[in-house]
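None of these values were measured; they are calculated from a predicted model. Residue indices begin at 1 and follow the sequence shown. Start at 1 and go down the list; that is how both ligands and their atoms are numbered.
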Amino acid sequence: MCGIVGYYGPKDPKDVIVGGLKRLEYRGYDSAGVAILDGPKNDQHFKVVRAEGKLGELAKKLETVSFTGHLGIGHTRWATHGVPSERNAHPHTVDGVSLVHNGIIENYQDIKADLAREGAVFSSDTDSELVAHLLARKVKETGDLFKAVELVLPMLTGAYSILAVWEKQPDVMVAFKNGPPLIVGVGEKEMVIASDVQAIISHTNKVVYLEDFEIVFVKGNDVKFFSAAGAPIKKEVVTITWTADQVEKAGYKHFMLKEIHEQPRAVAAACAPHVNLETKRVKLSDVGLSDEQLRGIERVFIIACGTSYYAGLAGKYLIEQLAKIPVECDIASEFRYRDPVIPPRSLILTISQSGETADTLAALRLAKQAGALTLSICNVRASSIDREAHGHLYMNSGPEIGVASTKAFVSTLALLNLLSLYLGQVRGALSVKDEQHALEQLLAAPSQMEAVLAYDKFFAEAAQKLKAYKGILFMGRGINYPIALEGALKLKELAYMHAEGYAAGEMKHGPLALIDERMLIVMVCPSDRNYEKTLSNLEEARARGGRIISIGTGDNHALKAVSDHYLSLPKAEWNVNPILESIPVQLLAYHVANAMGHDVDQPRNLAKSVTVE
Ligand code: AGP
C-alpha cells in the first residue's frame, strides 16, 4: 500500500519522482524518501533524503538539495514492519544498492537471522531493508543488478513489488513483483516505473503492466521484460486514456470534494457504453461474457471490501428484484477464508475501484480455481482484478484520488442497475416495459444528482453543529440500508467519529439504547415500498430524544414534521434512489471532517489501495 516511483531520463529526477509521489500519496503517507544519483560523472553515489510524515515534509527537506544524476527512486510509505519514522522510511540503501518496496516479505525473520549470522548490520526495523542486503551481496558476486535480482527473487515469499537501482549501473532500473501493482511508463528517451499510472501520465501515456513473477529491466532508453526464470517475454504496450489534468484538484479544496461534484458525469460515463438509444434497452457492451453464459447463471456471489462491498450489497437488492437470481454478498476477507460453497453455474462478481485490493483479488482467484464464472467491476482498467476476471464492466469514473471512495461508488451503483436489467432481459425475468422504465429512471439520475449537490452548502454551514454530536446513526431499509452503511463508513474514516449503519427495522433489537439527545440519526427514507415502516422507525428514534436528519423524496410534510432537518431528493424509482442518497451522506462526512480540521483526502491510518491482507 505504499507508492513507488523510479525515473531514468533527461528531466530532473527529483521533480519527476516528487511529482509522482504526490500523485501516489493516497497509497500511504506516513513517511517518504528519495535516492537519486549525485556526484561527478564517473563517481556517482545515491544521495538519500527521507522524512517522517507526509510528503510535504520530504519536499521541505528537498528544497535546498540538488542532484547531478539522471536516475532515482522514491517512495511514500504505509507502515507494515517498523513504526513510521525516518529510519524506517524508504529507500533502503546497502553498499550502493538502493530499493523501494511495497508489500510484505513474509519470511523476513528467516532472512534476517541468516543475514545477522553473516554479520549484517541493520539500520531500520523493516523487512524491506533485508532485500537491499540480499541484493548488495548478490551484486558483489555477479557484478550485475539484473542477475542479482534473479538470484534474490526465489528467496522471497510474500506479496511485494520492488524497484532496485545500483550506483555502479547508473542507467539501470530493475523491478519485480508478486502481488502489488507495478507499471512501466515507456516515454520518449525516458522511463518511469511506478505503482500506478497516475505517477506516469504527465510523462507518457504508453504503459506496460507487470504481471506477478515478471522482471522489468530498464537500461537507458531500452526496456525488456523477463520471467522470474530469466526467459525474455513480450509485453503489450497499452495506451492509457486518463489525462494529467484529471489528477488535479481543479480549484476544489480537496480531491474528495471535486470527486463528489464529478459524480453526475461519472454515472453518465458508466452508463453510456451500455445503452441502446434506439431500442431504449440495456445492451452490455464488451463485457466478455455471452448471453448464454449469463442466462445459465443460477446464483450470484458479490465480493468486495469497504465501500465497494456496500455498493455490492445494493446490487443484491437490484439483481434479486430485477433478474430474480439469488445473490450472496460477501466481504472478500471473509469469503476467502470461510471455505465457501460455490455451486456450479454461479457467477462471482468482484467489485473494486482500484482493481488491486488484495483480499478481493484472492477471492477472485479462489473462485476461478473452483471453476466459477467471474465478472469484475473495476475503475482502473488493466488492474490485476480486471486482468484476471473472465468478464469486465468499467466504472469509467476517471482517477479517484481521495482515499474515501465517492464517484466509484455511484458509478458502481449505476453498473449494478445495468447488469441487473440485462440479466433480467436475457433471462426473461423482466418485461420490456419495466426494463425501459427502470433504464429511463437511471439515465435521468445525472441531472437529478446535480440538484442534490446543492446540499454542499447546507452541510458546509451545518458542519460545526454536527461535529458536536457524540455519534451518528445512519439508518435505512431495503436498498437504502447499504447507503446507511456507506454513510457511517464515510464518517468513521474521515471524521473519526463513532457512527453506525443499521437496517432501520433492526433498531429496536439493540441500537435504540444508544439514542439520546446527543445522538444524531440520519434516516434514509425515500418514498418507496418501505417508506411507512421506515417512518415508524424514525418516530421511535425521535421518541427517545434523538436528533433527526431525514432524507426523503420531494416535499414530504410528514418527514419534515418529525425531523430537525429534512433533505429533499428528486422523485426517482427505488433502483435510482441510492445514487441520489449517496451525495448527502458523502457531503455530511466531508464537511464534518473538514470542520474538524482533518486531512480529508488522506485520513489517518488509511491508504486508498489496500494491497496487503
Ligand atoms: C472507502 O472510502 C474506502 N477507503 C475503502 O473502504 C475502499 O472502498 C476499499 O478499500 C475497497 O477498495 P477497492 O474498491 O479499490 O477494492
Which side-chain hydrogen bond (donor to acceptor under 3.5 Å, both in side chains) pairs, counting each pair once, include a residue from residues 576-588, with sequence neighbours left out?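 Listed by first then second residue: Gln263-Gln586.
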Distance alone, cut at 3.5 Å: any donor-acceptor contact between the side chains of [X] and [Y]?
X	Y	result
His390	Thr374	yes
Ser85	Glu52	no
Arg265	Asn396	no
Asp601	His254	no

Could you check [atom] against the protein and tell me its nearest heavy-atom contact, residue, atom and distance included?
atom	value
atom 7 (C) of ligand 1	Thr307 N, 4.1 Å
atom 15 (O) of ligand 1	Ser354 OG, 2.7 Å
atom 10 (O) of ligand 1	Val610 CG2, 4.0 Å
atom 3 (C) of ligand 1	Glu493 OE1, 3.7 Å
atom 16 (O) of ligand 1	Thr357 OG1, 2.4 Å
atom 9 (C) of ligand 1	Cys305 O, 3.7 Å

With a cutoff of 4.0 Å, is Val403 in contact with ligand 1, counting heavy atoms of the residue only?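 It does; at least one heavy atom falls under 4.0 Å.
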Check whether any side-chain heavy atom of Pro578 sits under 4.5 Å from a side-chain heavy atom of Tyr317, and report yes or no.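 Heavy-atom side-chain distance check fails, nothing below 4.5 Å.
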When you measure from the side chain of Asp359 to the backbone N and O of Ala332, does any donor-acceptor pair fall under 3.5 Å?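 Side chain of Asp359 to backbone of Ala332, a donor-acceptor pair under 3.5 Å: no, none is there.
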Do any nitrogen or oxygen atoms of Thr360 lie less than 3.5 angstrom from nitrogen or oxygen atoms of ligand 1?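 No.
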Numbered atoms of ligand 1 (with element) below 4.0 Å of Ser308, judged on heavy atoms: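 Listed by number with element, the hits are 8 (O), 13 (P), 14 (O).
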Proximity to ligand 1 by part of Lys490, non-hydrogen separation under 4.0 Å: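 Side chain only; the backbone of Lys490 stays clear of ligand 1.
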